[in-house]
Student: 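Encoded as structure tokens, here's the structure I'll be asking about.
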There are 2 protein chains.
Amino acid sequence: MLDVAKAASVSVATVSAVINGSAPVSPELRGRIEEAIQVIGYKRNAIARSLKLGTTRTVGLMVADITNPFFTDVVAVIQDVLHRAGYAVMLCCNDEDVDMQDEQIELLIDRSVDGLIIAPAGDDETLKRIIGSANLPTVLIDRLLDGIDTDAVVLDNRRAVQDATHYMLGLGHRRIGYISGSLETSTGRERLAGYKAALEAANLPYEEDLVRFGNFREKDAYKATMQLLASTERPSAIFSANNLMVIGVMKAIRDIGLKCPEDVSVASFDDFPWADVFQPHLTTIAQPVQAIGEQAAQLILDRLSGKSPEIPRRLVLQGRLMIRESCRPISLTPRAIA
Amino acid sequence: MLDVAKAASVSVATVSAVINGSAPVSPELRGRIEEAIQVIGYKRNAIARSLKLGTTRTVGLMVADITNPFFTDVVAVIQDVLHRAGYAVMLCCNDEDVDMQDEQIELLIDRSVDGLIIAPAGDDETLKRIIGSANLPTVLIDRLLDGIDTDAVVLDNRRAVQDATHYMLGLGHRRIGYISGSLETSTGRERLAGYKAALEAANLPYEEDLVRFGNFREKDAYKATMQLLASTERPSAIFSANNLMVIGVMKAIRDIGLKCPEDVSVASFDDFPWADVFQPHLTTIAQPVQAIGEQAAQLILDRLSGKSPEIPRRLVLQGRLMIRESCRPISLTPRAIA
DNA sequence: TGACATAGTCGAAACGTTTAGAATAGGCTG
DNA sequence: CAGCCTATTCTAAACGTTTCGACTATGTCA
């Protein structure tokens, strides 16, 4: 900038004024300065600017697992709308690892991001302390944190799986296996609550044996399903609490020599773009990923521009049950009855 | 830092010395300073540090489409290894849009990233000019850029699809449809070249009618496949040049009332974690995503720490043909013969 | 015509670090 | 004891911006 100022024989203050349009500048000087900028190929240094202004126009985005297509989609739309608003996105993912998560949030805060969008891996005290003391605009997505009261956009998880379970119950299933996500997450807890609620509404007992933990990961879900299917009274249906796990569930069903939906019905949280083209066509709960991403981005943008209300806003969206062919009426699944 | 210095009654230089261990400090002062840091809860300001040092310990990662599971996986491992090395990742994705890409690369350079990892959307002149003049450590992944000579890690695309085509030819298929990615990308060109090479090796003519462009996207691939299947001499097999497009291909096959592999065989670039559990079990070319990510990250890390050789390193990895059940011998697909 | 507002420009301080080089205090050598 | 070396500490400049307040020239109003 100093070079530009010299080349145009003006002060740096004036150069700054034309670049930012922050003060009136005579047409003559403006012309000289703009020309000098062209000639020199000057680009203003965003770091120096950030130092002075105390803002980086960057938001930190931390999600538990970017490999999960749900998060991938959400990240993509967040990145898109933030970019259009002139913000850069610093991305972290920790593969559902809480310790890694703590490190990463530090990394982000350390880099002086202006705000944070987080889908936390777990309800970790350290994390909560850090984001509490960072005092940054923060929006939680997908998963809430106990005792942390910020903007958030989440799904009505409880209702969604209650509906799905109700649907399976309606097909006559009485023993519905449930592959749960980690109860360290609000989604893990809420989804399980939905399952319980549906059972209760149908006057059916909640059986611990029928729920196993897959921690939102394929491998763990595979093991969990193997156990479930090996038990004496095999369930006639299985609900998977997310997309990654349903792959594990299907693999276990295959490996144990059963067929879906002939032998066991399956439904899952999270939809797939290919769900109605590969067999069995999975019955799923579709999340409005586009809306989730847009809303989250908008919340942080509003907060950053200071036009949010004082109290945090909590958006809860509804899932949609996509009934396809992976669940069938109990009367048609003879082997499960035997 | 000034506060810490005051609290410990020393100069900021000394505080800096203990924080960075950049100069010897007596145990006494060190103790006082460390205590003051604790008490005050001081964190050094990375922006100011970047300004002085001219380095941000951040690398820009721009991929054409993060929604594509291949890129997602690669991004995840890159993020992981860079994080472990103390680097933050600034992510951009542009949905294969070249103009957006130009904007984004500017955004990244503007933010003073220390290096760039790019999977370009297209062979765009503006992009090339920008990264040429930015003069930053850069590594290209997946796709090369004509005339840009930097570190890179790519697949041997040509060979991989040549092998796959050879395999289909071996099953007796003579009319193999090819759904191509954009020829603006090196992968688009190389993969098509592999298809042609296999044809040539088998003394078969290259027929323009059999290749359609899906631009690496599901929707376009769907349309392309519809055309292909509507033609008078319908192909008995189709190869899709990536994962997103094969979904479109399968949808088209379904919508036109055909079955895979009974009526038409299908193979695709890029593997899926669920490929051998949902029907039809797709025959694919699996890319070593883990290795690609690791190598790319290592290349940029080496370059950043100045321990790379002067000349750019170009790594080319091999794909692996995963033969499953979506292709069958031509003699068994009667309808295609008719 | 003098007081005063206004537009345009500039000098210099500030943002929070790092670091070169100066300063200081001992200790050692001859 | 002078001279010198070493270890430790400090002062101050620099990184590249933004912006406050000062200054000048010009125009306006009573």
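Reminder, nothing fancy here: chain letters follow the sequence lines and each chain counts from 1.
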Student: Under 4.0 Å from OP1 or OP2 of D/dT11: is there any side-chain N or O of B/Ser11 that close?
Tutor: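 No, because none of the side-chain N or O atoms of B/Ser11 sits under 4.0 Å from OP1 or OP2 of D/dT11.
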Student: Base, sugar-phosphate or nothing for B/Leu29? Non-hydrogen atoms, less than 4.0 Å.
Tutor: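 The answer is sugar-phosphate, as B/Leu29 gets under 4.0 Å only of primed atoms, P, OP1 or OP2.
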Student: With no hydrogens and no angle check, do the side chains of A/Asp114 and A/Thr55 hold a donor and an acceptor under 3.5 Å apart?
Tutor: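 Indeed, the side chains of A/Asp114 and A/Thr55 share at least one donor-acceptor pair under 3.5 Å.
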Student: Is there a donor-acceptor contact under 3.5 Å from the side chain of B/Glu184 to the main chain of B/Asp124?
Tutor: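 No, B/Glu184 side chain to B/Asp124 backbone: no donor-acceptor pair under 3.5 Å.
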Student: What is the separation between atom CG on B/Asp3 and atom C1' on C/dT17, rounded to the nearest whole Å?
Tutor: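 Going from CG in B/Asp3 over to C1' in C/dT17 covers 14 Å.
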Student: Measure from CD on A/Glu28 to P on C/dT9 and round the result to the nearest Å.
Tutor: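 After rounding, the reported distance stands at 8 Å.
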Student: How many whole angstroms separate atom CD1 of B/Ile37 from atom P of C/dG16?
Tutor: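 Computing the B/Ile37:CD1 to C/dG16:P distance gives 16 Å.
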Student: Base, sugar-phosphate or nothing for B/Leu53? Non-hydrogen atoms, less than 4.0 Å.
Tutor: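 Sugar-phosphate contact only - B/Leu53 comes under 4.0 Å of backbone atoms but never of a base.
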Student: Which one, C/dC10, C/dA14, D/dA12, comes nearest to the side chain of A/Ala13?
Tutor: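 Of the candidates, C/dC10 comes closest.
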Student: Quickly work out the A/Met1 CE to D/dT19 C1' distance and round it to whole Å.
Tutor: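 Interatomic distance, CE of A/Met1 to C1' of D/dT19: 10 Å.
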Student: Does C/dT17 have OP1 or OP2 under 4.0 Å away from a side-chain N or O of B/Ser16?
Tutor: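 No, because none of the side-chain N or O atoms of B/Ser16 sits under 4.0 Å from OP1 or OP2 of C/dT17.
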Student: Just to confirm, is there a sub-4.0 Å distance from OP1 or OP2 of C/dT9 to any side-chain nitrogen or oxygen of A/Ser26?
Tutor: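 Yes, such a contact exists.
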Student: Is any NZ, NE, NH1 or NH2 atom of the basic residue among A/Glu125 and A/Arg129 found under 4.0 Å from an Asp or Glu carboxylate oxygen of the other?
Tutor: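 No.
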Student: OP1, OP2 of D/dC15 versus side-chain N and O of B/Arg49: anything below 4.0 Å?
Tutor: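 B/Arg49 to D/dC15 OP1/OP2: no side-chain N or O under 4.0 Å.
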Student: Here's a test of your reading of the structure: between A/Thr14 and B/Val10, which maps to the more 5' nucleotide of DNA chain D?
Tutor: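 The 5'-side residue here is B/Val10.
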Student: Roughly how many Å is it from CG in A/Leu2 to P in D/dA14, rounded to a whole number?
Tutor: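 It works out to 12 Å between those atoms.
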Student: Taking all atoms of both residues into account, what is the closest heavy-atom pair of B/Leu108 and B/Met62, and its distance?
Tutor: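 Nearest pair, atom of B/Leu108 first, then B/Met62: CD1-CB, 4.2 Å.
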Student: Using whole Å, what does the distance between atom C1' of nucleotide D/dG16 and atom NZ of A/Lys52 come to?
Tutor: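 Value for this atom pair: 11 Å.
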Student: Of the listed nucleotides (C/dT17, D/dC10, D/dT17), which one gets closest to any side-chain atom of B/Tyr42?
Tutor: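 When the side chain of B/Tyr42 is considered, C/dT17 is the closest of C/dT17, D/dC10, D/dT17.
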Student: Are OP1 or OP2 of D/dC15 and a side-chain N or O of A/Asn45 less than 4.0 angstrom apart?
Tutor: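 Answer no for this pair, as no side-chain N or O of A/Asn45 is under 4.0 Å from OP1 or OP2.
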Student: Consider only side-chain N and O atoms of A/Glu294 and A/Gln298, and report whether a donor and an acceptor are under 3.5 Å apart.
Tutor: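 On atom types as modelled, these side chains do not qualify, holding no pair under 3.5 Å.
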Student: Taking only N and O in the side chain of A/Arg44, is any of them less than 4.0 Å away from OP1 or OP2 of D/dT18?
Tutor: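 Result: yes.
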Student: Grab the CG-P distance between B/Leu51 and C/dA14 for me, whole Å please.
Tutor: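 That distance rounds to 17 Å.
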Student: Please report the distance, rounded to the nearest Å, between CD1 in B/Ile47 and C1' in C/dC15.
Tutor: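 Rounded to the whole Å, the gap is 11 Å.
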